[in-house]
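Accompanying notes for the structure given below.
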Amino acid sequence: MTSIRTGERDTGIEAGSVSWLGKKGEPAAVPTGRRTGRRLPHLLVGVLLVLVCVGGALWWTTSAQGRVTVLAVARPVSVGHVLERTDVREVEISPADAIATVPAEQATAVLGRRMATSLSPGALLTPGSVGPASVPATGHAIVAVALKPGQFPLEITPGTSVLVAVTAPPSTAASPPAQESGQMWTATVTGLAKAETDQATVISLQLVGDAALALARVPVGQVSLVMLAGGER
């Protein structure tokens, strides 16, 4: 084994055995270009992560500050019902929706008052939702129909939009002249009394005046309801 002598002293260190010494025992230059090239992608990734985190925090803060908490219906309520705390829940909406709503902190202004209209779960409460009854609306009328299981969807509640269809009657010789089948009208459910047995369920429907009169003349058993998507008419 060859030892490096410096002057008259023997260092006892083998040439090339230390990473920072060259073959002649002199300090070797550390290559920097390769290490810088390896670190550059990591630095870029770190900068991108910081930017994403900052942008996400700003977006979340802006969104949270731009929303308000209002009251919505938690379960079906019908006209004349005295509104209770369990009938409502708090939801967040954007003020840009431009809808007249009841802020959550003003719940006492509507609780304990009678409903002016029928609403289904999820509907937003408005200042006009409580007070004197607002049904039937101007130019409309309310008619009751007795329906048996299979003639209406089980999911309908007050406030649900439905399509009223006149169906063909059972063909019997003694049957009286029937209302023309195929007629249809759009309506809104304002109330219903579900039968506890196999008897008919009575459902109140709000229709335009002339349609309500025509529906009232349809014989029992010739009406079916089709549930429409929310707001569809």
Practice task
Work out which heavy atom in Gln151 is nearest to a heavy atom in Gly221; give both atom names and the distance.
Solution key: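 So the two residues come closest at NE2-O, 3.4 Å.
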
Kindly indicate whether the side chain of [X], heavy atoms from C-beta on, has any atom under 4.5 Å from the side chain of [Y].
X: Leu192; Y: Ser204; answer: no
X: Leu213; Y: Val143; answer: no
X: Leu205; Y: Thr188; answer: no
X: Arg75; Y: Thr86; answer: yes
X: Pro158; Y: Ser120; answer: no
X: Leu125; Y: Val88; answer: yes
X: Thr69; Y: Glu105; answer: no
X: Val226; Y: Val162; answer: no

Item to check | Point-to-point distance, once rounded to the nearest 0.5 Å, from CG of Asp87 to NE2 of His81 | outcome: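 It is 3.5 Å, given to the nearest 0.5 Å.
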
message = Working to the nearest 0.5 angstrom, can you tell me the gap between Arg85 CZ and Thr108 OG1?
response =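 The distance works out to 10.0 Å.
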
Just do the salt bridge (charged side-chain N to carboxylate O under 4.0 Å, His left out) check on Glu84 and Arg113 with the steps written out, would you?
CA-CA 8 Å; Glu84 301 176 356; Arg113 300 182 61 185; over 6 Å; no

Does any N or O in the side chain of [X] come within less than 3.5 Å of the main-chain N or O of [Y], such that one atom is a donor and the other an acceptor?
X: Ser118; Y: Thr190; value: yes
X: Gln106; Y: Pro103; value: no
X: Gln222; Y: Ala168; value: no

Would Phe152 and Val223 satisfy side-chain contact (heavy atoms from CB on, under 4.5 Å), going step by step from the backbone distance to the final call? CA-CA 9 Å; Phe152 63 95; Val223 174; over 6 Å; no

Query - Residues, nucleotides or ligands: over 12 heavy atoms within 6.0 Å of Arg114 CZ - result: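 No.
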
